[in-house]
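Below is one structure, written out as structure tokens; the observations come after it.
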Amino acid sequence: TGDLAIKISERVGQTGQVILADINQAMLDVAAERLMDQGKINDIRLVRADAERLPFPNNHFDRIIIGFGLRNVTNKQQALQSMFDALAPGGRLLILEFSKPAVPGLQPLYDAYSFKCLPAMGKWIANDSESYQYLAESIRMHPNQDTLKGMMEQAGFEDCSYHNLSGGIVALHKGMKY
């Protein structure tokens, strides 16, 4: 939706380039509207792209950042390989994604919230409980922190690590290409 891209473009400034890529045109349209509203439409390039087959040259990017999108990719391993290929040596991959709670006792509370409260709120607020049910289900199907770290290493990333946020409900994964 452009939120992360806007923050990144502010840090990169005029010396760098930020490309916001998504396979979903509707998401790119939302991002374009946000960029226009914030006067950033000329600072960020929008590209419709499949994460499994990024349409960029090998060794092209200094950073690839994917926020709350990897869990929606069908073949995550192929997407990680595509990201590895697109990164230049010395480049870093950052993945911000929902994950598995790491705090003892948090999982049952999180499940109750995800499968009961979230869809009910979605129905009440947006008249759309199905999308919120999908959100909960897609989170549960996403690899846990250690599995995703291993997948990154399998794609060729080194110095892979993750940092749990919100008790592991969200995790930030990092990997380097040397």
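Keep in mind that the numbers below use all heavy atoms, side chains included, and drop hydrogens, waters and symmetry copies. It should be emphasised that the depicted structure is a prediction, and the values quoted were computed from it without experimental measurement. One-based numbering along the sequence shown.
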Quiz item: Excluding sequence neighbours, so at least two apart, what forms side-chain contact (heavy atoms from CB on, under 4.5 Å) with A26?
Solution: N24
Quiz prompt | Distance-minimising heavy-atom pair for L70 and A79 | solution = CD1-CB, 4.4 Å
List the atom pairs, with distances to 0.1 Å, where a side-chain N or O of residues 153-171 and a protein N or O form a donor-acceptor pair under 3.5 Å, not counting sequence neighbours.
| from | atom 1 | to | atom 2 | distance (Å) |
| --- | --- | --- | --- | --- |
| D159 | OD2 | Y178 | OH | 2.3 |
| Y162 | OH | D146 | OD1 | 2.8 |
| N164 | OD1 | Q145 | NE2 | 2.8 |

Quiz prompt | Shared-cluster residues of Y134, by chain and number - hydrophobic side chains joined below 4.5 Å | solution = none
Quiz item: Got a sec, which residues hit side-chain contact (heavy atoms from CB on, under 4.5 Å) with R71, two or more places apart in sequence or on another chain?
Solution: F68, E97, F98, L135, S138, I139, H142
Exercise. For atom CD of Q14, decide whether the heavy atoms of other residues, nucleotides or ligands shown that lie under 6.0 angstrom number more than 12.
Key: no
Quiz prompt | Exam field: side chain S9 to backbone V18, donor-acceptor pair closer than 3.5 Å | solution = no
Exercise. Identify, with sequence neighbours excluded, every residue that meets side-chain contact (heavy atoms from CB on, under 4.5 Å) alongside N75.
Key: E52, Q77, Q78
Practice problem: Could you check M121 against L118 for side-chain contact (heavy atoms from CB on, under 4.5 Å), going step by step and ending with a plain yes or no? | Solution: CA-CA 5 Å; M121 287 189 301; L118 198 57; 4.1 Å; yes
Quiz item: Once you round to the nearest 0.5 Å, how far does CG of D3 lie from CG of L35?
Solution: 9.5 Å
Quiz item: Between atom CG of D111 and atom SG of C117, what is the distance when rounded to the nearest 0.5 Å?
Solution: 11.5 Å
Quiz prompt | Side chains of L96 and I65 in contact at under 4.5 Å (non-hydrogen atoms) | solution = no
Quiz item: Taking atom NZ of K174 as the centre, does the number of heavy atoms from other residues, nucleotides or ligands within less than 6.0 Å exceed 12?
Solution: no
Quiz item: Nearest 0.5 Å, what's the CZ-OG distance between R140 and S114?
Solution: 4.0 Å
Quiz item: Closest approach of G67 and L4, non-hydrogen atoms and distance?
Solution: CA-CD1, 3.7 Å
Quiz item: Are L28 and I8 connected in a single hydrophobic cluster, I mean Ile/Leu/Val/Met/Phe/Trp/Tyr linked by side-chain heavy atoms less than 4.5 Å apart?
Solution: yes
Quiz item: When rounded to the nearest 0.5 angstrom, what is the spacing between CD1 in I41 and CZ in R34?
Solution: 13.0 Å
Practice problem: Quickly, which of M176, M152, K177, R63 forms a side chain to side chain contact (heavy atoms under 4.5 Å, CB included) with L93? Name it, please. | Solution: M152
Quiz item: Around M36, counting heavy atoms of other residues, nucleotides and ligands shown, do more than 12 lie under 6.0 Å from its CE?
Solution: no
Exercise. Not counting sequence neighbours, which residues clear side-chain contact (heavy atoms from CB on, under 4.5 Å) with R45? List them please.
Key: Q17, I19, V47, F56
Self-check item: CD-CD distance between E10 and Q38, expressed to the nearest 0.5 angstrom
Solution: 7.5 Å
Quiz prompt | Shortest non-hydrogen separation from P143 to S99 and the atoms involved | solution = O-OG, 4.4 Å
Practice problem: For atom OH of Y132, decide whether the heavy atoms of other residues, nucleotides or ligands shown that lie under 6.0 angstrom number more than 12. | Solution: no
Quiz item: Counting only heavy atoms not in M27, do more than 12 fall under 6.0 Å of its CE?
Solution: no
Exercise. Output the distance between atom CD1 (I95) and atom NZ (K149), rounded to the nearest 0.5 Å.
Key: 13.0 Å
Quiz item: Are L148 and L80 side-chain neighbours, meaning at least one heavy-atom pair lies under 4.5 Å?
Solution: yes
